[in-house]
Amino acid sequence: MNRAELADFLRRGRARLAPSDVGLTPGARRRTPGLRREEVAQLAGMSVDYYTRLEQSRGPRPSRQMLTALARALRLTEDERDHLFHLAGEEPPRRETASAHVRPGLLLILDRLYDSPAQVVTDCGEVLAQNAMARALSGDVMSRPRRERNLTRGFFLDPAARTLFPPEDHEAIARAQVANLRAVAAARPDDPEPAGLVAELRAGSEEFARLWDAHEVARRDHATKRFLHPLVGLLELDCEVMVSHQQRHLLVVHSARPGTDAHERLQLLRVVGLQDMSTRR
């Protein structure tokens, strides 16, 4: 681990970013350009003290998960992400498999979607990034351990995950999840990630095993989804899926048509939902 070079790289990465680049409000006038340390720490999900020690060349070696979070917070390119791993004495993630690294351009689009719930997920269902409206709609997935960020795993193995949707929609959602995963597994036969997820879900969920044996295959790029939100009630939203990064990262955007009840409730969620989030921090 090259502590001095790592510290310098982090400081320079922080200095080149403006709050608007990462979806933050500028706030009071700043004496120096760039993000504050506490803002980077917040974006990366770590303590301010830990991040400060890294910038002061006196921190412990960051874990691979922490390096991935730092790369995302600082909007690093893949080459810059790899350099960050090398400075910390770690081998960068393999590029031929699905990466947890989200490209800066995709994160910029995510931050600009301030009035629509949007998130970046892998084709296997792991959430990689959320905007504020997505957190207000479905909870702060990124605050959970990585294993619990997979939407497909959660839907079949965690009963609480289904409370977000009306019960009468559960069967259709389950079928769509399985059909998508089958398409992914077939397209990536040598990748252990989808194969491992399939094996885990077949062993842990009779429903998944039944649907898997039906051999339905489909990747959806649009749909209509219904959400049950504890504050604003039922939301019927249009879902658009845009593909990036060799079709392994998906930008999922939910919106409501103007003039509908869902549109009014989504606007209400933008007010009360974000306020509720801030009181829980």
Side-chain angles (χ1 to χ4, degrees), residues 1-90 92-93 95 99-116 118-120 127-136 140-143 146 244-245 249 251 270 274-275 277-278 280-281:
M1 178 178 174
N2 190 329
R3 285 183 169 81
E5 288 290 328
L6 176 62
D8 182 68
F9 188 63
L10 292 175
R11 288 193 298 267
R12 291 179 183 275
R14 176 169 62 86
R16 73 182 180 185
L17 291 173
S20 60
D21 294 333
V22 295
L24 299 175
T25 55
R29 185 175 180 180
R30 294 166 183 250
R31 292 177 294 178
T32 58
L35 298 179
R36 298 187 175 103
R37 285 173 175 169
E38 56 266 29
E39 291 169 334
V40 175
Q42 175 189 341
L43 291 167
M46 62 178 64
S47 72
V48 179
D49 177 69
Y50 182 87
Y51 180 76
T52 299
R53 284 187 291 154
L54 287 177
E55 277 204 5
Q56 294 176 345
S57 305
R58 57 187 184 90
R61 174 183 290 182
S63 66
R64 297 181 64 83
Q65 181 177 347
M66 195 65 74
L67 290 169
T68 298
L70 280 170
R72 186 182 301 124
L74 294 173
R75 304 306 196 250
L76 301 184
T77 66
E78 281 188 308
D79 289 337
E80 291 169 334
R81 183 274 317 267
D82 290 354
H83 183 63
L84 176 69
F85 270 73
H86 285 309
L87 291 177
E90 292 282 352
R95 295 197 185 190
S99 171
H101 179 71
V102 184
R103 292 182 175 179
L106 196 54
L107 289 171
L108 181 64
I109 295 172
L110 187 69
D111 294 331
R112 293 296 186 269
L113 295 170
Y114 59 88
D115 60 351
S116 297
Q119 55 191 15
V120 178
V127 178
L128 301 178
Q130 296 176 287
N131 68 3
M133 282 294 288
R135 293 193 295 271
D140 188 359
V141 177
M142 298 306 298
S143 66
R146 182 171 180 179
S244 175
H245 194 58
H249 286 181
L251 176 62
R270 186 180 170 194
L274 299 184
Q275 288 178 344
M277 284 168 52
S278 64
R280 284 181 280 168
R281 287 176 182 167

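In this structure T52 satisfies the side chain to side chain donor-acceptor pair (under 3.5 Å) test with no other residue, sequence neighbours excluded. Applying the side chain to side chain contact (heavy atoms under 4.5 Å, CB included) criterion to A88, with sequence neighbours excluded, gives P62, L67. Remark: A15 pairs with no residue by the side chain to side chain contact (heavy atoms under 4.5 Å, CB included) rule, at least two apart or across chains. Annotation: side chain to side chain donor-acceptor pair (under 3.5 Å) contacts of R11 (sequence neighbours excluded): none. Residues satisfying the side chain to side chain donor-acceptor pair (under 3.5 Å) test with E55, not counting sequence neighbours, are R14, R37, Y51. With sequence neighbours excluded, the residues that form a side chain to side chain donor-acceptor pair (under 3.5 Å) with E90 are R64. By the ring pair (Phe, Tyr, Trp, His ring centres under 6.0 Å) test, F9 is found to be paired with H83, residues two or more places apart in sequence or in another chain being considered.
No side-chain donor-acceptor contact under 3.5 Å links Q119 to the backbone of N131. Panel note: side chain D140, backbone R135; no donor-acceptor pair is recorded below 3.5 Å.
Between L84 and L10, the closest side-chain pair of non-hydrogen atoms falls below 4.5 Å. Residues L106 and V120 have side chains in contact (heavy-atom distance under 4.5 Å, counting atoms from C-beta outward). The shortest side-chain heavy-atom distance between S116 and M133 does not fall under the 4.5 Å cut-off.
Here the CG-CG distance, from D82 to L87, works out to 11.0 Å after rounding to the nearest 0.5 Å. The CZ atom of F85 sits 10.0 Å away from atom CG of L76, with the distance rounded to the nearest 0.5 Å. Taking CG from L251 and CG from L113, the interatomic distance works out to 6.5 Å, rounded to the nearest 0.5 Å. Rounding to the nearest 0.5 angstrom, the gap separating the CZ atom in R103 from the CZ atom in R72 is 14.5 Å. With rounding to the nearest 0.5 angstrom, the CZ atom of R61 is 10.5 Å from the CG atom of L6. Note: S47 OG to R53 CZ = 7.0 Å, rounded to the nearest 0.5 Å.
Sorted by first and then second residue, the salt bridge (charged side-chain N to carboxylate O under 4.0 Å, His left out) pairs with a member in residues 106-115 read R75-D111; sequence neighbours excluded. Here side-chain hydrogen bond (donor to acceptor under 3.5 Å, both in side chains) pairs that include residues 1-10, with residues two or more places apart or in two chains, are D8-R12.
A pairwise comparison of heavy atoms in S57 and A4 identifies OG-CA, 3.7 Å as the closest pair. The minimum heavy-atom distance linking M142 with L128 is given by the pair CE-O, 3.3 Å. The two residues L43 and A73 come nearest to each other via the heavy atoms CB-CB, 3.6 Å. L107 approaches A129 most closely through the heavy-atom pair CD2-CB, 3.8 Å. A pairwise comparison of heavy atoms in L35 and E39 identifies CA-OE1, 3.4 Å as the closest pair.
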Practice problem: With side-chain contact (heavy atoms from CB on, under 4.5 Å) as the test, would you mind laying out the steps for L54 and L70 before giving the verdict? | Solution: CA-CA 11 Å; L54 287 177; L70 280 170; 4.1 Å; yes
